[in-house]
Amino acid sequence: MARFIFVTGGVVSSLGKGLSSASLAYLLKSQGYKVRLRKMDPYLNVDPGTMSPFQHGEVFVTDDGAETDLDLGHYERFTNISAKKSDNITTGKIYRDIIGKERKGEYLGKTVQVIPHVTDRIKEFIKKDIYKEDFVICEIGGTVGDIESLPFLEAIRQFSNDIGRDKSLFIHLTLVPFLKSSNEIKTKPTQHSVKELRSIGIQPNIVICRSQHSIPLDQRNKISLFCNIPIQRVIETVDVKTIYEAPISFFKEGLDREVLKYFKIKPKKKLNLNKWKKVTKTITSKNLKEVNIAIIGKYVELKDAYKSLDEALVHGGIDNNVRVNLIRIESDRLKLSNIKKNLKNVCGILIPGGFGKRGTEGKIGCINYARKNKIPFFGICFGMQMAIIEFARNELKIQKAGSTEFNKNCRPVIGLIEEWNKNGNIIKGSLKNLGGTMRLGLYPAKLQHNSLVKNIYKKNLIYERHRHRYEVNNSLRSLFEKKGMIFSGMSPNDKLPEIIELKNHPWFIGCQFHPELKSRVDKAHPLFREFVKASLKNSKN
Ligand code: GLN
């Protein structure tokens, strides 16, 4: 039977529960154990799909088409285990299920309550879809003390009782602040946070203390004493130079050792940290070459809004032995008159996924600049759609070319399939219901011979993750082709353009999917690897 590890957080949010869970998962997996990671989010949205990235950062998409919390991206990048729909639950999803059942009369005669109905449903989620896993690591979103996370904490308390202490473990992550004025490390917030957890019946077995400075023995002893945790299970995590150093640092602190000791088991295999050491060395190296790449989007001010994309560029940099400097440019601020100035020191231009009208003209202007000046260009999803609009306006001379997503009166070079394909029976969302109705998850695309992408992927058929409602209007394809655009990736039925490129350009690729979601630190996604390479080449000119 699987062992369950619950990870909670205290004192403040954004302490790195996701990274800690992902690092622990890697350490256990690398020692021969089968691991699964899950996230429970206490908010009332059914999934983050309809939330602005300003609220919760990027929406991560799984192979099986779930729109999930960005922590699932960390999990995948650290463990290389593909997350599934069943790995992310929210309060909204739980309530939707329960109320659906109630309306059907499945609770006939009963009062439906948080305890036991909501907590039972959470417990079902925790163990659902688990096969032969040795460890299931469940991260609980939010901070202990929040009203919203209470049902989750109650559920994991009950769960641990149900399956027994020898099969469950609680890890609590807290902040140990350093007070500059008194030059002191403070343990009180950690004591209070653990006290809060104990008041609802959970005694953490391990406490991870996030701190700016190493925690001296005296303070560790204090935490151990007041939190009722053996000293060797007070694990510190001091800020690392790169997130990819985290598994090394947790190993040094003995996190995996303490977990295995708790469950009275031994490693099955010798741990290998080489890939993290190599990556950390490359990223932190002082004499690494640098390349400037611009990301032009609407949400650039929030660091987490393009999390997977930022990481994929880092991976692409590592593969090329360069440091990618991300120049984040707010598309809304770009005008035709200042594009050249803003992109002066940039070797490659990337336009990421996006929604809605704001900032589109700036993006289209930048694409025009990249196309005309032969600057490597990478358009992802919305970025590819904008490249189609730019080409239609400036090369095909369709002045009113646009997307029906933000202009109902345009000539739709981008639109909903039903707008030009009367008998189209391709899976498509409609505008009636916006939650979970986009083209989501893994879809195949066939690649054209002798194309740039074929050369990059070295495959005839690829599978990539999608998250979009609108498509390139395939009925105009021949017009585009006449002017030098190549539709080098198509859906197998030839109806949906998946990748475009340009004949007379060194590196211009747009893709309808999100390749960044499948990039890994030791295996950069080929499109990112090659985009960074092309940008690097451009910097030498
Ligand atoms: N807004 C566009 C669509 O829904 C693109 C989405 C995206 O970039 N992920 O089709």
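Ligands are counted one by one from 1 in listed order, and the atoms in each one are counted from 1 as well.
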A.B. asks: Specify the protein heavy atom at minimum distance from atom 5 (C) of ligand 1: its residue, its atom name, and the distance to 0.1 Å.
C.D. replies: Gly354 O, 3.3 Å
A.B. asks: Does the pair Arg77/Glu311 count as a salt bridge with the N-to-O cut at 4.0 Å?
C.D. replies: no
A.B. asks: Checking the N or O distance criterion of under 3.5 Å, is ligand 1 in contact with His468?
C.D. replies: no
A.B. asks: Describe, in one word, how the ring planes of His315 and Tyr244 are oriented to each other, choosing from parallel (under 30°), tilted (30 to 60°) and perpendicular (over 60°).
C.D. replies: tilted
A.B. asks: Below 3.5 angstrom, do we get any N/O pair linking Phe382 and ligand 1?
C.D. replies: yes
A.B. asks: Is the shortest distance from a Lys or Arg side-chain nitrogen in Lys101 or Glu124 to a carboxylate oxygen in the other one below 4.0 Å?
C.D. replies: no
A.B. asks: Do me a favour and list the nearest non-hydrogen protein atom to atom 2 (C) of ligand 1 with residue, atom name and distance?
C.D. replies: Glu405 OE1, 3.2 Å
A.B. asks: With heavy atoms of Gly353 as the reference, note each atom of ligand 1 found under 4.0 Å away.
C.D. replies: 8 (O)
A.B. asks: When you look for heavy atoms under 4.0 Å from ligand 1, do you find them on the side chain of Glu471, its backbone, both, or neither?
C.D. replies: neither
A.B. asks: Pull out every atom of ligand 1 sitting under 4.0 Å from any heavy atom of His514, numbered as shown with elements.
C.D. replies: 9 (N)
A.B. asks: I need the Thr282 OG1 to Leu288 CG distance, nearest 0.5 Å.
C.D. replies: 7.0 Å
A.B. asks: Among all protein heavy atoms, pick out the one at the shortest distance from atom 7 (C) of ligand 1; state its residue, atom name and that distance to 0.1 Å.
C.D. replies: Cys381 SG, 3.1 Å
A.B. asks: Under 6.0 Å between the ring centres of Tyr457 and His525?
C.D. replies: yes
A.B. asks: Within the structure, is a non-hydrogen atom of Gln385 found at a distance of less than 4.0 Å from ligand 1?
C.D. replies: yes
A.B. asks: Would you call the rings of Trp507 and Phe531 parallel, tilted or perpendicular if under 30° counts as parallel and over 60° as perpendicular?
C.D. replies: tilted
A.B. asks: Assess whether a salt bridge exists between Arg358 and Asp332, defined as any Lys/Arg side-chain N lying under 4.0 Å from an Asp/Glu carboxylate O.
C.D. replies: yes
A.B. asks: Among protein heavy atoms, which sits nearest to atom 4 (O) of ligand 1, and what does the distance come to when rounded to 0.1 Å?
C.D. replies: Arg469 N, 2.9 Å
A.B. asks: Any salt bridge between Arg467 and Glu67, counting N to O under 4.0 Å?
C.D. replies: yes
A.B. asks: Suppose we measure from atom 9 (N) of ligand 1 to each protein heavy atom; which comes out shortest, and what is that distance?
C.D. replies: Arg467 O, 2.8 Å
A.B. asks: In terms of atom number and element, which parts of ligand 1 are under 4.0 angstrom from non-hydrogen atoms of Tyr470?
C.D. replies: 3 (C), 4 (O), 10 (O)
